[in-house]
Novice: 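Before I ask anything, here is the structure I am working with.
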Amino acid sequence: MSRLLIYGAAGYTGSMVARQARAAGLDFVIAGRDGAKLAGLALELGVPYSTFQVDADDVGDALRGVCVLLNCAGPFARTAEPLMRACIRAGIHYLDITAEINVYRLAERLGAEAAKAGTMLMPGVGWDVVPTDCLAMHLGRRVAEPQSLRIALQVAGSMSRGSAVSAGEIVGAGLMTRVAGALVPSPDAQPELFDFGRGPVVCAPLSFGDLVTAWHSTRIPNIAMFVNVTGGAFPEGDLSLLPDGPSAADREAEPARAVAEVTGADGATVRAVIETVNGYSYTPMIAVEAARRVLGGEHSPGFETPARLFGAGFAETVEGTRLIDLGELPR
């Protein structure tokens with residue numbers, strides 16, 4: 001059994017994931033909540049589809065014959081838990097593309113239960129968090145006894161409607177940092193300057209999933225997250241009025257970047273930037289590659305992270321991705 005189910009395939013990113021799965025030659029089916037949109041996409045791609053709500057009694061029926069579920073339906077605060085639990089009951093591996101930190105914390109909590117069932121829970125196989133997870137692991141190997149990690153994302157251009165809703169979940173989770181291995185509230189965290197390669201810019205503290213994944217991937221005990229927002233990212237107002245997402249031309253014009261700094265016990269600090277194609281273009285490619293590998297037998301029971309499972313070079317399997325070491329900061 002090596003079939004993938006893409007849930008949320010009728011959405012902006014989900015439909016791109018489904019088309020990428022077809023291009024990759026995977027055996028897959030699509031599912032979600034909008035039957036009309038799913039029917040049209042299924043006809044285009046020549047694949048079966050099903051319509052169900054994540055909290056419906058018949059979710060188990062929809063998972064029959066499936067080995068891996070890739071959840072693309074946000075906000076993930078509503079879809080992740082019922083789908084994770086359904087996957088654990090059915091012995092199916094769970095992947096998703098969320099940036100919502102509480103979904104990662106949920107996967108942590110369910111990790112032991114999933115391991116007992118022989119199931120893997122691996123949220124974050126999109127632009128969140130694959131590039132930054134791999135970047136953290138890469139830098140963590142460049143210093144002796146790494147003690148602290150700071151990561152900043154650069155969010156450029158407009159957001160999809162679904163991402164804007166998920167951003168509200170991230171902001172609503174509150175500011176957190178990891179201190180001595182523990183995730184703690186940090187309501188007084190302040191903006192800081194980071195250089196993505198074009199000079200220092202102000203980055204605001206924000207709680208992304210890396211506060212969970214980077215800890216598991218690197219065991220660096222102190223971790224802080226930041227974001228630099230440009231263009232129309234993080235919109236306000238009635239989010240239902242937003243377009244589905246940026247056009248192909250908009251995506252082409254806005255590459256995605258992240259920078260990280262790791263400090264060792266001796267005070268040495270190393271930096272690196274990772275640059276990829278636009279996050280909405282990157283996510284379908286890397287998520288389908290993750291699903292392909294899991295379908296092929298690369299999985300580990302319980303909670304897992306992309307870098308820990310696939311290695312620090314996984315992010316660079318998408319063409320157009322560059323990891324640039326920036327050297328050591330003055331002590």
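Note: hydrogens, waters and symmetry copies are ignored here, and every other heavy atom, side chains too, is used.
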Novice: Decide, yes or no, whether a salt bridge links R22 with E44 under the criterion of side-chain N to carboxylate O below 4.0 Å.
Specialist: no

Novice: Can you give me the closest heavy-atom contact between C67 and L295, atom names plus distance?
Specialist: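 Minimum heavy-atom contact is CB-CD2, 4.1 Å.
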
Novice: Would you mind checking if D195 and R198 are paired as a salt bridge, meaning a charged N to carboxylate O distance below 4.0 Å?
Specialist: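 Salt bridge flag = no for D195 with R198.
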
Novice: With a 6.0 Å cut-off (strictly less than), is the heavy-atom count around CD of E252, excluding the residue itself, greater than 12?
Specialist: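 No.
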
Novice: Assess whether ring-ring contact (aromatic ring centres under 6.0 Å, His included) is satisfied between Y104 and F208, documenting all intermediate values.
Specialist: CA-CA 9 Å; Y104 295 84; F208 285 98; 9.8 Å; no

Novice: Parallel, tilted or perpendicular, judged at 30° and 60°: which one describes the rings of F194 and F226?
Specialist: tilted

Novice: Taking all heavy atoms of D325 and all of R142, pick out the closest pair and write down the distance.
Specialist: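 Heavy atoms of D325 and R142 come nearest at OD1-NH1, 2.8 Å.
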
Novice: Hydrogens and angles aside, do Q154 and N228 bring a side-chain donor and acceptor to less than 3.5 Å of each other?
Specialist: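 There is such a pair between these side chains.
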
Novice: Mind listing the closest non-hydrogen atom pair of P48 and F28 along with its distance?
Specialist: CD-O, 4.1 Å

Novice: Using modelled atom types only, decide if a donor and an acceptor are shared between the side chain of D34 and the backbone of K37 within a distance under 3.5 Å.
Specialist: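 Judged by distance alone, yes, a pair lies under 3.5 Å.
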
Novice: Decide side-chain contact (heavy atoms from CB on, under 4.5 Å) for V54 and R78; before the verdict, give the C-alpha distance in whole Å, the side-chain angles of both, and the deciding distance to 0.1 Å.
Specialist: CA-CA 8 Å; V54 295; R78 301 177 191 170; over 6 Å; no

Novice: Closest approach of A224 and T177, non-hydrogen atoms and distance?
Specialist: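 For A224 and T177, the tightest heavy-atom pair comes out as CB-CG2, 4.1 Å.
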
Novice: Please lay out, stage by stage, how C72 and I97 fare under the test side-chain contact (heavy atoms from CB on, under 4.5 Å).
Specialist: CA-CA 6 Å; C72 300; I97 57 171; 4.0 Å; yes

Novice: Just by modelled atom types, is the T276 backbone N or O under 3.5 Å from a matching donor or acceptor in the T321 side chain?
Specialist: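 The answer is no, because no donor-acceptor pair under 3.5 Å joins these two groups.
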
Novice: As a quick check of understanding, evaluate side-chain contact (heavy atoms from CB on, under 4.5 Å) for N222 and R178, giving each step before the final call.
Specialist: CA-CA 5 Å; N222 304 293; R178 192 168 289 275; over 6 Å; no

Novice: Once salt bridge (charged side-chain N to carboxylate O under 4.0 Å, His left out) is applied, what residue pairs with a partner in residues 285-302 remain, sequence neighbours excluded?
Specialist: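 Checked against salt bridge (charged side-chain N to carboxylate O under 4.0 Å, His left out) - neighbours excluded - the pairs reaching residues 285-302 are E289-R292, E289-R293.
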
Novice: Using 0.5 Å steps for rounding, measure from the CG atom of L70 to the CD1 atom of I30.
Specialist: 12.5 Å

Novice: Side chain of H93, backbone of M120: donor and acceptor closer than 3.5 Å?
Specialist: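 Yes.
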
Novice: Which heavy atom of V288 sits nearest to which heavy atom of A24, and what is that distance?
Specialist: CG1-CB, 3.9 Å

Novice: Cut-off 3.5 Å, side chains only: do D250 and S247 have a donor facing an acceptor?
Specialist: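 Short answer, yes.
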
Novice: Restricting to non-hydrogen atoms, name the atom on P131 and the atom on G126 that form the minimum distance, rounded to 0.1 Å.
Specialist: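 That would be CD-O, 3.9 Å.
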
Novice: Working note: R271 + E261, criterion salt bridge (charged side-chain N to carboxylate O under 4.0 Å, His left out); need CA distance, chi angles, decisive distance, verdict.
Specialist: CA-CA 4 Å; R271 299 180 299 147; E261 302 174 355; 5.0 Å; no

Novice: Please check this pair: side chain of D133 against backbone of A307, looking for a donor-acceptor N/O pair closer than 3.5 Å.
Specialist: yes

Novice: Please determine whether side chain to side chain donor-acceptor pair (under 3.5 Å) holds for the pair H216 and E108, giving the CA-CA distance in whole Å, both sets of side-chain angles, and the decisive distance to 0.1 Å.
Specialist: CA-CA 10 Å; H216 286 274; E108 270 189 314; 2.6 Å; yes

Novice: With distance as the sole test, does T98 use its side chain to make a donor-acceptor pair with the main-chain N or O of F76 at under 3.5 Å?
Specialist: no

Novice: Quick check: does any side chain N or O of T263 sit under 3.5 Å from a backbone N or O of Q147, one acting as donor and the other as acceptor?
Specialist: no

Novice: Give a yes-or-no answer on whether the side chains of S217 and T305 include a donor-acceptor pair shorter than 3.5 Å.
Specialist: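 Per modelled atom types, S217 and T305 side chains form a pair under 3.5 Å.
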
Novice: Any chance you could lay out the side-chain contact (heavy atoms from CB on, under 4.5 Å) test for L135 and L323, step after step, and finish with the verdict?
Specialist: CA-CA 8 Å; L135 185 60; L323 191 154; 3.9 Å; yes

